[in-house]
There are 2 protein chains.
Amino acid sequence: MATSTTRTKRGKGRDKAAPARPTQKDIALAAGVSQAAVSLVLNKAETPSVPPATRTRILEVAEGLGYRPNHPARMLRSARTMTFACVIPDITNPFYPGLVRGLQAVAAPAGYDVLIFDTDGRPEREARAIDWLLQGRADGVVATFFHLRAPQLAVLARKGIPLVRLESQHKPDGPLAIDSVYIDNAEAAAEMTRLLIARGHRRIAMIQAEFGPSQRRAQGYGAVMREAGLTPDFITDSAYSEESGARAMKRLLERKGERPTAVFGASDVLALGAMEAARSAGLSIPGDIAIAGFDDIPVAKLLGLTTVRQPEFDLGALAAETLVRRLQPGGLEPPGKSHELKFEIMKRSSV
Amino acid sequence: MATSTTRTKRGKGRDKAAPARPTQKDIALAAGVSQAAVSLVLNKAETPSVPPATRTRILEVAEGLGYRPNHPARMLRSARTMTFACVIPDITNPFYPGLVRGLQAVAAPAGYDVLIFDTDGRPEREARAIDWLLQGRADGVVATFFHLRAPQLAVLARKGIPLVRLESQHKPDGPLAIDSVYIDNAEAAAEMTRLLIARGHRRIAMIQAEFGPSQRRAQGYGAVMREAGLTPDFITDSAYSEESGARAMKRLLERKGERPTAVFGASDVLALGAMEAARSAGLSIPGDIAIAGFDDIPVAKLLGLTTVRQPEFDLGALAAETLVRRLQPGGLEPPGKSHELKFEIMKRSSV
DNA sequence: CTGAAAGCGCTTACAG
DNA sequence: CTGAAAGCGCTTACAG
C-alpha cells in the first residue's frame, strides 16, 4: 500500500531499488552551497568566484557521492549531444569497421562518441536515418547514402547538423555543397581494368551491385574496356555481400558460350563471393579465372586478392576532423568541400 | 553590432543561420492550444480529452512545421535514453559486427538504438566505459570485459543499469548474479583438440592472447592434451589480431627442435595470422601444418579454416532480448541468469 | 566578486 | 472532461 505513496520526485524512475544517482543539488545540499556553484566548480578548471576552501569541499563531496554528470540533462541544456552518427549500409561489410575506427580515433579525443546506424542500403532505412538525425541525436554525421541525394540531405544543413558524405567521386565545392571525402572510384576502377588488360585478359566481366559506389566503378571499367576495343560485360546483383557475389559468379559460369577469363568485383565482398563460387565450380584462381576486387578489406591480403586499396581508416579520420572543425564556433560558415584521398592498386596472386 | 543583441532564447544555439527546430510550444502557438495538449496528441494514439478537430489541427500543424521530438529533452524528462550500449574490444574483429547486427535486430523494433564503445581490450578503456555508462548514456549494456570483474561491474546494477555480459562459460544464477550469454568455451576447445588428436596430431600448439576468452579455451585444450598423454604447448601474444597470430606463429617456427604439426588459434583472427605466417614461411596448409581457429568469422569458410562456430548473431539477439525484458516494469527484480547457446565444430580444409 | 534565477523541450500528475 | 503547472538536471546570463 505504502509503496505508491512515495511523494518524492526521485521515486519516479523505472526502478525504485537502485539508489538514485546523485545530482548537483545533492552535492550542493551536502556542501552547503548553491547548485550553481557546484556546476561551476565541476566544469571550470578555475573558478575565481569560489573560495579555494569551498571549491575543495565541493570536489570532495562530489567524489564522495560518486557524482557523474547527467548526460541527457547536459545535452538538453547545452544543445550539444557530443555524439557523431555514422550512417553506413552494413557494419558486417569489413570495409566499414576500419572506417569507424578512424572516426573514433579523431572523435574520442575531441570528446565525441560514435553511434552506428545501419541502413542495409535500403531507401526507407536511409530516410529513417534522416528522421532520426532530426531528433537531435547527434551533433554531426558521417554517412554513406546509396539512395538519398543532395536535395533530400539539405534538411540537415538547414537544421544546423553538419554532414560529411563518403563519396565515390569529386563533388564541386560551393556554398550549398556538402562536405565529402572520397577517392576517385572511376579512375581506380579504370586503372584496375588496365591492369587486367595488360595481363592479357580480353573477356573481363564486372560484378556490380544495384546501388552505391559500384556505379562509378563501372564507369571507369566501361570506359577503359571500350577504349581498348573490348565489350564491357556487366552482371548485376542486389547487394554488396558475398552471397550476391557468389550468385553473380554462378550466373556467369552458367552462361552458354565463352566464359570470361577475368572477373572484376565492384567490391571485395563481391569478389570474395565470386572466388568462392569459382572454387566450388572447380576452377582455380588465377589459373582458370582471374579475380579482382575493390576496397582492400583486411582479409584481401590473406586471400591474395588483387584489389584497390581505399584508406578506410584515413577516410573516417578525415571525415571526423571535418566534423570537429564544422562544430567549432563559426565552422558552419565556409562552403562545403570535397577532400580526395589516394587509392592504391594492390597486386596479389588472384590476377 | 546588432547581431549580439538577439534577445530571444532561440538565438543561443551554436549556429544562428539555421532555422530553429520547431518545438511543441511553436505548434501550440500556431494551433491555439496548450503545449501540454500538443504533447498528448503527439504521443498517444487516442486522446479522449482532446476534441477530434483539435487533434487533427495539431497533427497538421506539426506536420506542416516539420516537427521532430527533441530526443535529449525526452531523455531527461522520461529518464530513458532508448539506447543500448555495446561495449566490445574491437569492432574490426570480424566476430563483433555480426553480434552487433544481432543486437540491432532485436533492439531496433523495441525502439532502442545501439551505441558502440571499443575498449581495445585495455583495462583503462574498460573503466572509462563504466564511467561513461554512469553518465546515463544508455538504458542497458551488452558487454565483453577482459579485465573488469563482477565486483567492479556491480556499480551498474546499483544504479539500475542492466548489463548482459558476453561470457566464455556458465556463471551461477543468483540474486547478485549478472545476466550473461555464453557458449561453453572450454568444452568447445576440448572438442576441437580431440579432433586434432583424432587426425593424428601429437604436437599441437595453441596460440593464445593474454586476456579474454582464450583463457577458458586454453583450459579445454590443456585438459584434453594431458588426458591424451600429450604436453600442452602454449604460445602467448598480446591481442586478438592477425598481427599477434602471425607473430606467435613466427616464434613457433623459429624454435629449435621439432615443430608442431598442428596449431590451434584461440580465435579466428589469431588463426588467420598464423596461416599467413605459415604460408610466408613456405609451409602448406594442412600439408605441412594444420591450423584451427575459434569463432567462425565470415571469411573462415572462404579460407577453409576449421573452427568452432559461435552463433554471434544469436548471441547478440539473445543479449538484446534479455535487456529489453529487464527494462520492462518489474524486469529488474528476477535474479541474474546465464544463457547457454550451442557451438558447432566446422570441419574444413585447414585441418 | 558572489549567488540565485531562468530556462533548455519535454511528460505527466494534478487542480479546476 | 479540460488545461495549466511542476519539474527532469543541468549551464550560464544576470542581478545584487
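Naming: A, B, ... by sequence-line order, numbering from 1 per chain. All values derive from a computational prediction rather than experimental measurement.
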J.: Any non-hydrogen side-chain atom of A/I178 less than 4.5 Å from a side-chain atom of A/L153?
T.: yes

J.: What integer distance in Å separates B/Q24:CD from C/dC8:P?
T.: 13 Å

J.: Rounded to whole angstrom units, what separation is found between the CD1 atom of B/I27 and the P atom of D/dG3?
T.: 17 Å

J.: For D/dT12, does OP1 or OP2 lie under 4.0 Å from any side-chain N or O of A/R77?
T.: no

J.: Using a cut-off of less than 4.0 Å, is there contact between a side-chain N or O of A/N43 and OP1 or OP2 of D/dT11?
T.: yes

J.: Kindly point out which of C/dA4, D/dC10, D/dA4 is positioned nearest to the side chain of A/A36?
T.: C/dA4

J.: Should A/R122 and A/E124 count as an ion pair when the cut-off is N to O under 4.0 Å?
T.: yes

J.: Any side-chain N or O of B/Q35 under 4.0 Å from OP1/OP2 of D/dG3?
T.: no

J.: With respect to the phosphate group of D/dT11, does any side-chain polar atom (N or O) of A/S39 fall under 4.0 Å of OP1 or OP2?
T.: yes

J.: Looking for any heavy atom pair under 4.0 Å, which part of the strands does A/S78 touch: base, sugar-phosphate only, or nothing?
T.: nothing

J.: Suppose we define a pair by two distances each less than 3.5 Å, Watson-Crick or G-U wobble; what does C/dA4 pair with here?
T.: none

J.: Looking at A/R165 and A/E167, is there a salt bridge between them, counting it only when a charged N and a carboxylate O are closer than 4.0 Å?
T.: yes

J.: Between D/dG16 and C/dG7, how far apart are the two P atoms, rounded to whole Å?
T.: 15 Å

J.: For residues A/Y96 and A/R101, is any side-chain donor paired with an opposing acceptor at under 3.5 Å?
T.: no

J.: Should D/dA13 form a Watson-Crick or G-U wobble pair with both distances under 3.5 Å, which nucleotide is its partner?
T.: none

J.: Atom CG of A/N70 to atom C1' of C/dC8: distance rounded to whole Å?
T.: 13 Å

J.: Using whole Å, what does the distance between atom P of nucleotide C/dA6 and atom CG of A/L76 come to?
T.: 17 Å

J.: Measure from CG on B/L40 to P on D/dA4 and round the result to the nearest Å.
T.: 13 Å

J.: Would you kindly say whether B/D118 and A/Q104 are connected by a side-chain donor-acceptor distance under 3.5 Å?
T.: yes

J.: Which residue, B/S34 or A/Y67, contacts DNA chain D at a nucleotide closer to its 5' end, judged by nearest heavy atom?
T.: B/S34

J.: Rounding to an integer number of Å, can you tell me how far A/R21 CZ sits from D/dC10 C1'?
T.: 15 Å

J.: Using a 4.0 Å heavy-atom cut-off across all strands, classify B/P48 as base, sugar-phosphate, or nothing.
T.: sugar-phosphate

J.: In this structure, how many angstroms lie between the C1' atom of C/dC10 and the CD atom of A/Q135, rounded?
T.: 13 Å

J.: Rounded to whole Å, please give me the gap between CD1 in B/I58 and C1' in D/dT2.
T.: 12 Å

